[in-house]
Amino acid sequence: MTGALVVVSTPIGNLRDLSPRAADELRGADVIAAEDTRQTRKLLSLTDIPAGNRLRSVHAHNEQRESARIVELIRAGSRVVLVTDAGTPAVSDPGERIVRACIDAELPVEVVPGPSAVLAALVVSGLPATPFVFEGFLARKGAARAERIDALRRAHATTILLESPMRVAATLAELRDALGEDRRAVVARELTKLHEEVQRGTLGELAEQFAARDLRGECVVLVAPAGPPAPVGDEEIRSALTRSLAAGASRRDAAASVAGALGIARRRAYELAVELPSVVVNVES
């Protein structure tokens, strides 16, 4: 028998989201590699799938070591099902190293798609779905966090973040301060569960709302793309040209420099440079 790694998506809340194919794979697996064997054993019990002694613990702290062992199991003919506590493995959950190890070993890797908090939040958000960027969890603090948040100011795609309930209010406030209180955003919490909640608004509104709440359940935060840049006015162009000309540049060189800096057509910059009083021009083109 040829072994294989089968990446199986499991429910993020509602047990009825376990697909028949996912159940079949769990039922027929030789080994079930689980992020938390207790959680997976509970899922199997609730769906009437015998666990037996097939569960193997594979989490963030032992994934590298377990990858080599899973490769050997598959080489020996085992069908190994990979699951996490909820949702799709390898998406901000363990699994990426195992998939990579099997690919490098030229072993079959299959997938049973299904529940994903990322995609579920995106499609109910009302924000543009194409393009979108999945950031996962931001760094807790420091330059790495500041750099990623700053990049969102110019992002031209909907950005999806994961956040814990204890930090979501602080993250919303930080995003508001960096991106502006009017940027549209969405917070999705407890998706597919009894207390599912999707809150839409501006970063200012959401930061104020969630600052006063005591939350449970991980949250998905979605931030709308940055709007188109404001058009550059003639006065801004003339001011930049004046500084460049006063520093000794020719009209032609000043126009080229200002056009590049402001993202405008060189011809437009040159036409405005020609109109400027000659007293500011030190070197003529």
Side-chain angles (χ1 to χ4, degrees), residues 12 35-36 39 57-67 84-101 116-122 125 127-129 131-191 197-227 229-230 261 263:
I12 57 176
E35 180 182 9
D36 186 333
Q39 288 294 109
S57 178
V58 180
H59 47 74
H61 302 294
N62 72 353
E63 185 178 357
Q64 187 167 1
R65 181 182 71 244
E66 287 297 314
S67 295
T84 56
D85 291 351
T88 302
V91 182
S92 285
D93 275 327
E96 184 177 347
R97 289 179 178 175
I98 295 173
V99 171
R100 185 72 257 169
S116 164
V118 173
L119 293 180
L122 178 63
S125 70
L127 299 179
F132 75 89
V133 175
F134 176 58
E135 285 278 351
F137 288 95
L138 291 170
R140 292 284 188 93
K141 56 185 178 180
R145 182 181 179 89
E147 180 182 324
R148 294 313 308 152
I149 290 178
D150 182 65
L152 297 186
R153 291 193 301 109
R154 303 175 298 278
H156 294 295
T158 294
T159 302
I160 305 175
L161 310 170
L162 300 181
E163 191 54 279
S164 78
M166 290 82 72
R167 295 192 301 272
V168 69
T171 294
L172 287 169
E174 196 171 352
L175 291 170
R176 175 202 59 201
D177 295 344
L179 311 182
E181 63 178 17
D182 293 329
R183 181 79 73 92
R184 287 189 302 147
V186 175
V187 177
R189 188 178 68 86
E190 297 283 78
L191 289 170
E197 175 184 19
V198 180
Q199 294 293 338
R200 305 172 182 88
T202 65
L203 283 172
E205 293 166 345
L206 292 174
E208 181 178 359
Q209 175 186 339
F210 282 89
R213 295 185 56 185
D214 183 19
L215 297 178
R216 292 184 179 181
E218 286 188 356
C219 302
V220 183
V221 178
L222 304 96
V223 181

Problem set entry | Under 3.5 Å donor-acceptor, R184 side chain and V223 backbone | no
Exercise. Taking only residues two or more places apart in sequence, or in another chain, which ones meet D85 in a salt bridge (Lys or Arg N to Asp or Glu O under 4.0 Å)?
Worked result: none
Exercise. Can you check side chain to side chain contact (heavy atoms under 4.5 Å, CB included) on I160 and F132, steps first, answer last?
Worked result: CA-CA 7 Å; I160 305 175; F132 75 89; 3.6 Å; yes
Problem set entry | Derivation of the side chain to side chain contact (heavy atoms under 4.5 Å, CB included) call for F137 and L161 | CA-CA 6 Å; F137 288 95; L161 310 170; over 6 Å; no
Go through the structure and list residues passing side-chain contact (heavy atoms from CB on, under 4.5 Å) with [X], not counting sequence neighbours.
X    : result
R176 : A173, E181, L203, A207
E66  : R56, V58, N62, R69
A101 : S67, V71
A157 : P131, V133

Exercise. Restricting to pairs with a member in residues 198-226, which pass salt bridge (Lys or Arg N to Asp or Glu O under 4.0 Å), not counting sequence neighbours?
Worked result: E197-R213
Exercise. What pairs of residues pass the salt bridge (Lys or Arg N to Asp or Glu O under 4.0 Å) test when at least one of them lies in residues 155-167, not counting sequence neighbours?
Worked result: E163-R167
For this session: Determine which pairs satisfy side chain to side chain donor-acceptor pair (under 3.5 Å) with at least one residue from residues 145-155, sequence neighbours left out, and list them in order.
Result: E135-R148, R145-T171, R145-E174, D150-R153, D150-R154
If I compare all heavy atoms of [X] with all of [Y], which pair ends up nearest, and what's the gap?
X    : Y    : answer
V168 : C219 : CG2-CB, 4.2 Å
D182 : T202 : O-CG2, 3.9 Å
S57  : E35  : OG-O, 4.4 Å

For this session: Mark yes when over 12 heavy atoms from residues, nucleotides or ligands other than Q64 sit less than 6.0 Å from its CD; otherwise mark no.
Result: no
Check: residues 86-95 side-chain donor-acceptor pairs under 3.5 Å, at least two apart:
{"unit_1": "T88", "atom_1": "OG1", "unit_2": "S9", "atom_2": "OG", "d": "2.8"}
{"unit_1": "T88", "atom_1": "OG1", "unit_2": "P115", "atom_2": "O", "d": "2.9"}

Exercise. Hey, are the side chains of V187 and V220 touching, using non-hydrogen atoms and a 4.5 Å cut-off?
Worked result: no
Exercise. Is there a side-chain contact between L222 and T159, using heavy atoms and a 4.5 Å cut-off?
Worked result: no
